[in-house]
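Report on the following structure.
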Amino acid sequence: MINITLPDNSVRQYPEGITGMDIAKSISEGLARNVLAVKVNEEVWDATRPIPMDSRVTLFTWDSEEGKHAMWHSSAHLMAEAIEQLYPGAKFGIGPAIENGFYYDIDFGERSVSSEDFPKIEAKMLELARAKQTFIRKEVHKAEAIEYFSKKGDEYKVELLNDLEDGTITFYETGTFTDLCRGPHLPDTSPIKAVKVLAIAGAYWRGDETRKQLTRVYGITFPKQKELTEYMELLEEAKKRDHRKLGKELELFTFSAKVGLGLPLWLPKGAMLRERLEMFLKKVQKKAGYQPVICPHIGNVELYKTSGHYQKYGESSFRPITTPVPGEEFFLKPMNCPHHCEIYKYKPRSYKDLPIRLAEFGTVYRYEQSGELHGLTRVRGFTQDDAHIFCTPEQVKDEFKGVIDIVMLIFKALDFKDFVTQISLRDQTKKEKYIGSDENWDKAEKAIIEVAQERGLNYVIVPGEAAFYGPKMDFMVKDAIGRKWQLGTIQVDYNLPDRFELEYIGNDNQKHRPVMIHRAPFGSMERFVAVLIEHTAGKFPLWLTPEQVIILPISEKYQKYAEKVSSLLNNSDIRAQIDDRNEKTGKKIRDAEMKKIPFMLIVGEKEELEESVSVRKHGEGDLGGQTLAAFVNFIQEEVNRELGDLSA
RNA sequence: GCCGGUGUAGCUCAGCUGGUAGAGCAGCUGAUUUGUAAUCAGCUGGUCGGCGGUUCGAAUCCGUCCAUCGGCUCCA
């Protein structure tokens, strides 16, 4: 007998070799029907795999991440089986579960597959799923495994096998399909009730640009048809929040082929919104001891030779700008730091001056590959809310803290709750890759983690993701369809101070090298606004939105009064416009609702007599009448509340 | 840059197996003077993404380029 400890810490005795499924059965039939996988100590196993020793066991159903994972991973195998039957000779790469569903990388050979094939694949998958095929786990020897896939002609699996150690290799068999796989899998295919092949895309084998591109087939499955329907509706809803669609509808920005790819044009309303964001941050930064600076948009090639960017990125940038002087070259600036280094350098600095914080909304240009361009989130010309902090190694921690506070302040003012903090550190096994002293790296890495803890951030540490010049902390926010985008970033840099030979005189009267911190709380104005649009679905906070109020006179007769209301509001710093079109009120309301203007003021005879307005709130409807003065007061208070102590 | 999808009026879209384009909204003009999500009528507007080809004839078929979308790779 072995002891099985369940999540509630109760211990039950079972015969050795009991399976997760049997344990579930001993608890309840219902649970047994729904169990998809089981965690044995720290590993997730098949529910049908015998448990040989005393263990801590958690049973997973569809409601858990692990259950979904097993379901989707198994669905990937099911799809592979279906595809193998439909397209004999297809070769298989890898087929994992992902956050929403699964994919399989497949080499279809000469055949080209398109979305027209999806229904066929779905039907086959359902047919196979209904057959209730079991997933059979087999431990195999490496030689045997290689032989199997060599014979089958699946060179991708053979390549994967070559990198694996003998003794750790398992196969899973479902119906006619056998796959190299670590598992875990469902007991059988029967829980897979609803199937959708979502998309196909090219994907390089093993993520390597120089290798063959396979066809990646994405899919998702559910235990109930209803859940699939709901998921598809969710995707539809997400599309409505796409910033590219809303940006057009709300007239925030546009692109023009004539201006150039990836070069956004901010329309008046978008510019208004962006300006408010900038004002907000400028105010915050002023309080936090930043000094604004302004730099030109180009820099001499020598600047980038000094910074090292020329050597690293020169070939993949916009071409240099030449001048009538032979040999003279300028580059559009791809980042602001070299310019800021030169500002630091223009006079000798004392330790008493540090930290020096130089801030600039700096527009930069990077020649991103055409396939990377994506609305406002990935562009070729964009404005960073950049600043560079020059400080002593001892000051790094406090400065980091200060920057995090700014990022949090911004996220709070914009109601960003769902973000992930990523801390990128060195790969400890390859320290030679990184510039800067071991001591300083240790100090900075430790400081970053401590600060994250002190500030109560929900962070993940990713070793090996640091830039060669220093560790960093990034803030990632998801867009409408769940893609993660990096917004704010804080990076420590030991490289540029060296390359630019930056110095300060310490209290020992000796020269020292400062540490540089790059930071951009928004990241870039373009990307930030894009993610903000998707987060708010275009319903921006009142303080930020381009148009706060629209005045809707019932008829021409009340135009004078509407103008009076408008000028009073605008004099009170409330952004208001009049809809003086010759339309009925219902129409004006409809249009204002669609433009997502927070407040509509309907004015007619009654309001004119009373010096009042009839207030309607976007998405909520009629709020009734108010005096003009009361409305002004109301809006101002609302804005103050949103901005907290920054409203002043 | 790579793989696949898409490209018809300012916007959203229709146009069957080839016979030289259509709706709604927007815009303009006029009527209407309007009370909480679309007043009515008329009008304007497109070398059907560009260029080549097949054909008596191409929005429709083929090629190519461009843009765009979904991924991959990349992101100082």
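Just so it is clear: chains get the letters A, B, ... in the order the sequence lines come, proteins before strands, and each one is counted from 1.
A:Pro471 and A:Tyr494 get closest at one heavy-atom pair: CD-CE1, 4.2 Å. Heavy-atom minimum distance, A:Leu228 versus A:Lys196: CD1-CB, 3.7 Å.
Across all strands, A:Tyr103 comes closer than 4.0 Å to no nucleic acid atom at all (heavy-atom distances). A:Leu552 comes within 4.0 angstrom of nothing in the nucleic acid, heavy atoms only. Using a 4.0 Å heavy-atom distance criterion, A:Glu605 is classed as a base contact. No contact: A:Gln486 has no heavy atom under 4.0 Å from any strand.
A donor-acceptor contact under 3.5 Å is formed by the side chain of A:Glu372 with the base of B:rU73. The base of B:rG71 is not paired with the side chain of A:Tyr204 by any donor and acceptor separated by under 3.5 Å.
Side chain of A:Glu526 to backbone of A:Pro264: no donor-acceptor contact under 3.5 angstrom is found. Within the 3.5 Å criterion, the main-chain N or O of A:Ile389 finds no donor-acceptor partner in the side chain of A:Arg357. Formation of a donor-acceptor pair under 3.5 Å by the A:Asp385 side chain with backbone atoms of A:Gly523 is found in this model.
The one candidate from A:Leu246, A:Val529, A:Asp479 that meets the side-chain contact (heavy atoms from CB on, under 4.5 Å) condition with A:Glu534 is A:Asp479.
Atom CZ in A:Arg244 sits roughly 16 Å away from atom P in B:rC11 (whole-Å rounding). A:Lys606 has its NZ atom 17 Å from the C1' atom of B:rU34, to the nearest Å. In this structure, CG of A:Leu373 is placed 7 Å from P of B:rU68, rounded to the nearest angstrom. Between the P atom of B:rC69 and the CG atom of A:Leu235 lies a distance of 18 Å, rounded to the nearest Å. A:Gln559 places its CD atom 15 Å from the P atom of B:rU34, with the value rounded to the nearest Å. Here B:rC74 presents its P atom at 16 Å from CZ of A:Arg366, a figure rounded to the nearest Å. Distance, A:Lys248 NZ to B:rU12 C1': 10 Å, rounded to whole Å. The separation between A:Lys595 atom NZ and B:rC11 atom P is 18 Å, rounded to whole Å.
Sorted by residue number, the members of residues 306-313 of chain A with any non-hydrogen atom under 4.0 Å from RNA chain B read A:His309, A:Tyr313. Residues from residues 584-592 of chain A that place a heavy atom under 4.0 Å from any atom of RNA chain B, listed by number: A:Lys584, A:Thr585, A:Gly586, A:Lys587, A:Ile589, A:Arg590.
Base pairing of B:rC2 is made with B:rG71, judged by Watson-Crick or G-U wobble geometry with both donor-acceptor distances under 3.5 Å. B:rU12: Watson-Crick or G-U partner is B:rA23, with both key distances under 3.5 Å. A 3.5 Å limit on both hydrogen-bonding distances identifies no Watson-Crick or G-U partner for B:rG45. In a base pair of the Watson-Crick type (N1 to N3 plus N6-O4 or O6-N4) or a G-U wobble (N1-O2 and O6-N3), with each distance short of 3.5 Å, B:rA31 is matched with B:rU39.
Nearer the 5' end of RNA chain B, as judged by each residue's closest nucleotide, is the contact made by A:Gln213, out of A:Val603 and A:Gln213. Both A:Arg216 and A:Glu368 lie close to RNA chain B; mapped to their nearest nucleotides by heavy-atom distance, the more 5′-ward contact belongs to A:Arg216.
Distances shorter than 4.0 Å separate some side-chain N or O of A:Arg483 from OP1 or OP2 on B:rG70. For the OP1/OP2 pair of B:rU34 and a distance below 4.0 Å, the side-chain nitrogens and oxygens of A:Lys557 include at least one atom meeting the criterion. Under 4.0 angstrom from either OP1 or OP2 of B:rG5 there lies no side-chain N or O belonging to A:Ser115. Of the side-chain N and O atoms in A:His374, one or more sit less than 4.0 angstrom from OP1 or OP2 of B:rG70.
Ring pair A:Tyr313/A:Phe331: centre-to-centre distance not below 6.0 Å.
A:Pro546 places none of its side-chain heavy atoms less than 4.5 Å from the side chain of A:Arg575. When side chains are defined from C-beta on, A:Glu608 does not count as touching A:Lys557, because their heavy atoms never get closer than 4.5 Å.
The residues A:Lys91 and A:Asp154 are annotated as not salt-bridged, no charged nitrogen and carboxylate oxygen being separated by less than 4.0 angstrom.
Side-chain contact, A:Asp105 with A:Tyr156: no donor N or O sits under 3.5 Å from an acceptor N or O.
Listed nucleotides: B:rG70, B:rA37, B:rC72. Nearest to the side chain of A:Ala203: B:rC72.
Remark: A:Arg527 fails to qualify as a cation-pi partner of A:Phe522 under the 6.0 Å distance and 45° angle criteria applied to the six-membered ring.
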N/O contacts under 3.5 Å, protein versus nucleotides 7-9 of chain B?
none

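A:His374 and A:His243 have tilted rings, their planes meeting at an angle from 30° to 60° on a 0 to 90° scale.
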